[in-house]
Amino acid sequence: MKHSEPSPSEISAPSLPSPLASSFYEPSAEVVAPKLLGHFLLRKTPRGWAGGEIVEAEAYLANDPACHGFRRETARNRSMYGPPGRAYVYFIYGNYFCFNAVCAPKGVAEAVLVRAIEPTFGEDWMRANRPVDEARELTSGPAKLCLALDITRPFDGVDLGDPRSGLVIAQNPNIKTFRKSRAPVVTTTRIGIGVAEHLPLRFYLGGSHFISKRARKL
DNA sequence: TAAGTGATGCAT
DNA sequence: TGCATCACTTAA
C-alpha cells in the first residue's frame, strides 16, 4: 500500500461537534464535573480544532473554602460569578494557567477545574506549544493542558458555547463508548488544596492513561 | 523532595 | 505598602 496510517496531525482538524449549551452548566459544579468526563475540550487553530476528551475534573463550590469565589467577587475570580458556560482562567505559581468551566447561575461562584484531557486532535500543534517526549506528558495536568492548548489570560471569561471564542467544550457523540473504554469513573478528593481536602469532588476516568501525575499516585 | 515564579489578597 | 500564600511543574 502506498500510504501508512494517517498520522494524528492529518486527522486532527475535525469540524467542530456541537458545543454544549449553557444549560448544561447551570447545575452545581458537583453535578456538572462528572458529566463533563468524555466530552471534548477544543481550541481553534489555523488548521482546525485541537484538543481531546476530558478525563479528569474537580468541582469547586460556592460554599466551599477551597473555591476561589468563596469569599467575594474580585478582579481575579470575576468570571466565576458570571453566567454558566464561560471560561474561568487563572494564573498560578508565577508560571502557569489553569482552566475552569463556570457553573451554576449568574452570581453563584462555582466552576469545574479541568485537570486532564486526552490529546486526540491536533497533537502536532499541541506538541509545538509544549514539546515533550511522551504523549502522555502533553495534557496530563491542569497547567500542562493549558500550555499545550495555549490557554492564557485572554480566554478568561469567554463563552465556551460560541465557536468564535476559539475555545469550546463540545459534545462527544461517542461519549458512551469512550467512557466505557476508560471505565470506571472514580470519585475521590481534590489535589493541591489546603482546606476542605476531604470532600469527594474530584472525578476521573480510571482507565485513561492521561490523568494527572499526582492523581495517578493517589 | 524542593525550588521557581509573580499575581493576588489580606493584614498592616 | 508589605508579605505569606498559591486549584503547579520540573529537575533532582
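Here C/dT10 presents its C1' atom at 16 Å from CD of A/Glu134, a figure rounded to the nearest Å. Per the geometry, CD1 belonging to A/Ile193 stands 15 Å off C1' belonging to C/dT5, to the nearest Å. Rounding to whole angstrom units, CD1 of residue A/Ile92 and P of B/dG6 are separated by 14 Å.
For an aromatic pair to be called close, the ring centres must be under 6.0 Å apart, and A/Phe121 with A/Phe40 satisfies this.
No single ILVMFWY cluster, assembled from side-chain heavy atoms under 4.5 Å apart, contains both A/Val55 and A/Ile175.
For the 3.5 Å distance criterion, the side chains of A/Glu56 and A/Ser212 qualify, holding a donor opposite an acceptor.
When the side-chain contact (heavy atoms from CB on, under 4.5 Å) test is applied to A/Ala135, the partners found at least two apart in sequence or on another chain are A/Glu123, A/Arg127. Taking A/Arg43 as the reference, A/Asp150 meet the side chain to side chain donor-acceptor pair (under 3.5 Å) condition, with sequence neighbours excluded. Looking at residues two or more places apart in sequence or on another chain, you find no side chain to side chain donor-acceptor pair (under 3.5 Å) involving A/His39.
At the heavy-atom level, A/Ala66 lies under 4.0 Å from base atoms of the strands shown. Using a 4.0 Å heavy-atom distance criterion, A/Phe91 is classed as a sugar-phosphate-only contact.
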**Q.** Secondary structure of DNA chain C in dot-bracket form (Watson-Crick or G-U wobble, distances below 3.5 Å, | marking inter-strand pairs)
**A.** ||||||.||||.
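The stretch residues 69-86 of chain A comes close to DNA chain C through A/Met80, each having a heavy atom under 4.0 Å from the strand.
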Q: Carefully, step by step, assess A/Asp156 and A/Ser79 under the rule side chain to side chain donor-acceptor pair (under 3.5 Å).
A: CA-CA 7 Å; A/Asp156 183 41; A/Ser79 316; 2.8 Å; yes
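If you find the closest nucleotide of DNA chain C to A/Leu147 and to A/Gly194, the one lying nearer the 5' end belongs to A/Gly194.
When each of C/dT9, C/dA7, B/dA7 is scored by its nearest atom to the side-chain atoms of A/Lys144, the top-ranked nucleotide is C/dT9. Counting only heavy atoms from C-beta on, A/Tyr93 has its side chain closest to C/dC8 among C/dT10, C/dC8, C/dA7.
In terms of phosphate contacts, A/Arg115 brings a side-chain nitrogen or oxygen within less than 4.0 Å of OP1 or OP2 of C/dC8.
Its side chain outside the 4.5 Å cluster rule for every partner, A/Phe70 clusters with none of the Ile, Leu, Val, Met, Phe, Trp and Tyr residues.
If you check distances only, the side chain of A/Tyr90 never reaches the base of B/dA7 with a donor-acceptor pair under 3.5 Å.
A salt bridge between A/Glu118 and A/Arg182 is present, with a side-chain N of the basic residue lying under 4.0 Å from a carboxylate O of the acidic one.
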